[in-house]
Structures are given as C-alpha cells and as structure tokens.
Amino acid sequence: MRAYGKFFEVRLDAEPRTLLCTVKGSVRRERRRTDLVAVGDRVWATDVGEGEGQIEAVAPRTSVLARLARQTEDVEQVILANPDQALFLFAAREPAPHRRMLDRFLILAEATGLPALIGINKIDLDAPAPGEPADGRRLSEAVFGDYQAVYDVHRVSAATGEGLAGLRAALAGKVTAVAGPSGVGKSSLLNALHPEGDRDIGDVSSATGKGRHTTTSTRLYRIADEPPTYVADTPGIRALAMIGIPPEDLDRHFPELWPYLGRCFYHDCTHVHEPGCAVREAVQEGAIPIARYESYAALRRGDTDE
Ligand code: GDP
Ligand code: ZN
C-alpha cells in the first residue's frame with residue numbers, strides 16, 4: 001500500500017489489517033533491475049507478530065508505471081505496480097483546466113498502454129464559459145468537450161457527491177492510478193471514495209515509529225471490497241509525463257490521429273509543415289479537434305512553454 005525506505009506496508013487479502021514488512025534477502029538477490037518491491041505489488045508475507053511481517057515473494061507484475069530506464073543501466077523506479085487504468089483529474093474551475101497537462105498525461109497513458117479516464121471535479125462550480133450566454137455551454141464542456149469522443153469523461157463533485165456513483169462504477173474491481181495538478185480536489189475525491197473504516201490504514205509507521213522516510217509518494221487505498229477496488233495517489237506521474245517519448249512516436253499517442261497516419265505524402269511526415277499531410281487536411285475538415293492538434297504540434301516542435 002505504501003513504501004517507507006526499506007519498509008513496506010502490506011495489506012492482507014483476507015482481513016482489513018496491514019503489516020509493516022521488511023524484504024527477505026533471497027527476494028533481494030532475484031530482482032536487480034527494478035525496484036525490489038513497489039506500491040501495487042502483490043506479495044506473499046509472513047506475519048511475525050506485533051503488526052510486523054516479512055515479504056517472502058513478489059508476484060510477477062502485469063503492468064507498471066515507471067520512470068523509463070530503457071537506455072540506461074539504471075534500475076527502473078516504479079511509481080505503481082500493476083495498474084489497470086489511470087484517472088487524470090482536473091477541476092471545472094479553481095484552478096482553471098490545464099489542457100496541455102492533460103494532453104501530456106494522456107500521452108503517457110497511451111505510451112504505457114493504460115486505458116485513461118478523465119475526471120472533472122468541482123462541477124458544482126461549473127458555469128458557462130466566459131463569453132458564452134448565461135444558458136450557454138459550461139466551461140468544462142468548452143474545454144474538455146473534444147476528449148469525450150475518445151476518452152471516458154466523468155464530471156464529479158467531491159463536495160456534493162454528484163457523479164461519484166458513475167465514477168465508482170468505472171473504478172470497480174480495478175487498480176487505478178490517479179494524478180492531477182494540485183488544488184483540483186484529488187485528496188477530497190479520494191476521501192469521498194474511501195469508506196470510513198479503512199481510512200486509517202496506512203498509519204502503521206507512526207504506530208511503530210519505523211521508517212518515517214518515504215521513498216515514493218505513491219499511496220494505495222482500498223475503496224471497496226466487493227469486488228476489491230483500489231485507487232492510487234500517484235503524484236510521481238506529473239514528473240514522468242512525456243519523458244522518454246521520441247518526437248517521431250508522438251503521433252501514435254494521439255488516438256484522434258490514428259485514422260490518418262500513414263496517409264501523408266511523406267512517410268516521415270511530422271504533420272506540422274509538410275505539403276500533402278493527411279492529418280492537417282483532417283484538421284481543416286474538422287475531423288480532428290483543432291485544440292488537440294495544436295497540442296500535438298506544440299509538443300512535436302518541442303515547445304516548452306507550459
Ligand atoms: P488537491 O490538492 O488536489 O488534493 O485538492 P484538495 O482536495 O486539497 O482540494 C483543494 C480545494 O478545493 C479545497 O479547498 C477543497 O475544499 C476544494 N474542493 C475539492 N473538491 C471540491 C468540489 O467538488 N467542489 C468545490 N466547490 N470545491 C472542492
Ligand atoms: Zn502528415
């Protein structure tokens with residue numbers, strides 16, 4: 001559920017109880033190129049009493065969110081083991097939605113092969129966009145409307161509970177990595193999703209006084225038992241987005257561009273300035289949302305404005 005230096009908080013499958021575990025030496029020798037144990041790993045542990053345990057084995061990971069270490073000899077740094085999907089959370093306002101950050105998150109999800117959900121919190125504050133008539137489109141629609149054709153978009157309010165049932169249904173039975181800029185209400189939302197009884201799980205370290213030093217800020221919460229459902233607070237994703245993605249691969253990470261890839265006059269078309277570009281034609285015809293294309297083009301040119 002959480003890592004503290006050499007200690008790992010392990011939640012038992014059968015009981016709502018955690019053990020603060022160390023890792024057996026034999027496990028340590030087998031796993032050299034990756035984090036030994038990471039938040040999200042499924043492990044076998046022995047209970048040695050007094051709330052402590054020892055990790056004996058780690059199950060193979062089915063997926064991983066990690067700092068890419070492909071071209072280096074470094075050990076990869078795992079942000080979350082075994083994620084099933086990602087939820088990128090923004091607010092309808094306060095703070096204003098940050099499209100470019102969302103686009104970066106989505107690229108990361110595409111590159112990692114993780115299905116992405118988009119959450120728009122604070123819809124209780126959602127009013128028509130500036131310049132729209134009083135009964136016009138809400139700000140969240142003006143900003144996020146483009147994404148609904150491709151991604152599952154959830155409008156929620158951690159404050160009023162609106163939309164939470166639908167979001168819960170989308171999370172059920174899965175491990176979901178949650179990320180977003182600060183202030184959008186991520187903590188409020190995780191609390192709202194989290195059943196009261198489980199909320200204090202995770203405070204083993206303060207009870208034993210061990211390992212107050214956290215090596216990763218990722219933290220997993222079990223939000224339902226039937227089916228077992230987890231959400232992970234993964235602040236580390238923000239630094240990760242876009243690292244290690246070659247510019248020539250960028251177009252593959254925009255699903256809206258897929259139907260046009262391979263149809264340009266130049267096979268190595270960047271879709272930024274070349275004649276005979278099928279992508280830019282589709283943008284002109286309105287088949288690809290302009291804002292999403294502009295996001296692609298800015299990233300492709302290497303603009304680092306935001
Ligand atoms: P975090 O930085 O993303 O973890 O955001 P917090 O959960 O700390 O929330 C930031 C601020 O937004 C706090 O003042 C919350 O009370 C407020 N907030 C969170 N969710 C909502 C919401 O759904 N509606 C409104 N109006 N305010 C919210
Ligand atoms: Zn092109």
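Every number for a ligand or one of its atoms is a count from 1 in the order of the listing. Keep in mind that what you see is a predicted model, and the values were worked out from it rather than measured. Below, each value reflects all heavy atoms present in this structure, side chains not excepted, and no hydrogens, waters or symmetry copies.
If you check which protein heavy atom lies closest to atom 3 (O) of ligand 1, you get K186 N, 2.7 Å. Ranking the protein heavy atoms by distance from atom 13 (C) of ligand 1 puts S188 OG, 4.9 Å first. Atom 8 (O) of ligand 1 has S187 OG, 4.2 Å as its closest protein atom, hydrogens excluded (heavy atom only). Closest to atom 18 (N) of ligand 1, if we only count protein heavy atoms, is K122 CE, 3.7 Å. When hydrogens are left out, the protein atom nearest atom 2 (O) of ligand 1 is G183 N, 2.7 Å; that is the closest non-hydrogen contact.
For atom 16 (O) of ligand 1, no protein non-hydrogen atom is found at a distance below 4.0 Å.
Side chains of V58 and R42 form no contact here, defined as non-hydrogen atoms less than 4.5 Å apart.
Nearest to atom 9 (O) of ligand 1 by heavy atom, out of A91, A158, A92, G185, is G185. For the residues D124, L164, N121, V156, the heavy atom positioned nearest atom 25 (C) of ligand 1 is part of D124.
The two atoms that bring V279 and H271 nearest to each other are CG2-ND1, 3.6 Å, heavy atoms only. Across all non-hydrogen atoms, the minimal contact from C21 to V10 is SG-CG2, 3.7 Å.
Relative ring orientation between F105 and F88 is described as parallel, the plane-to-plane angle staying below 30° on a 0-90° scale split at 30° and 60°. The aromatic rings of F90 and F144 lie tilted to each other, with the angle between the two planes from 30° to 60°.
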Item to check | R93 and D126: CA distance, side-chain angles, deciding distance, salt bridge (Lys or Arg N to Asp or Glu O under 4.0 Å) verdict | outcome: CA-CA 7 Å; R93 56 173 74 224; D126 202 9; 5.3 Å; no
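Those atoms of ligand 1 with a heavy atom of S182 less than 4.0 angstrom away are 2 (O). Annotation for ligand 1: atoms under 4.0 Å from non-hydrogen atoms of V184 are 3 (O). Taking every heavy atom of L125 and a limit of under 4.0 angstrom, the matching atoms of ligand 1 come to 26 (N).
Among heteroatoms of the N, O or S kind in H271, ND1 lies nearest the Zn ion (ligand 2).
Looking at D103 and Y147, their side chains do bring a donor and an acceptor atom within 3.5 Å of each other. Counted by atom type alone, S295 and R100 present one or more donor-acceptor pairs between their side chains at under 3.5 Å. N82 and S63 share no donor-acceptor pair across their side chains, judged by distance under 3.5 Å alone.
With the Zn ion (ligand 2) at the apex, C269 SG and C277 SG define an angle of roughly 110° (rounded to 10 degrees).
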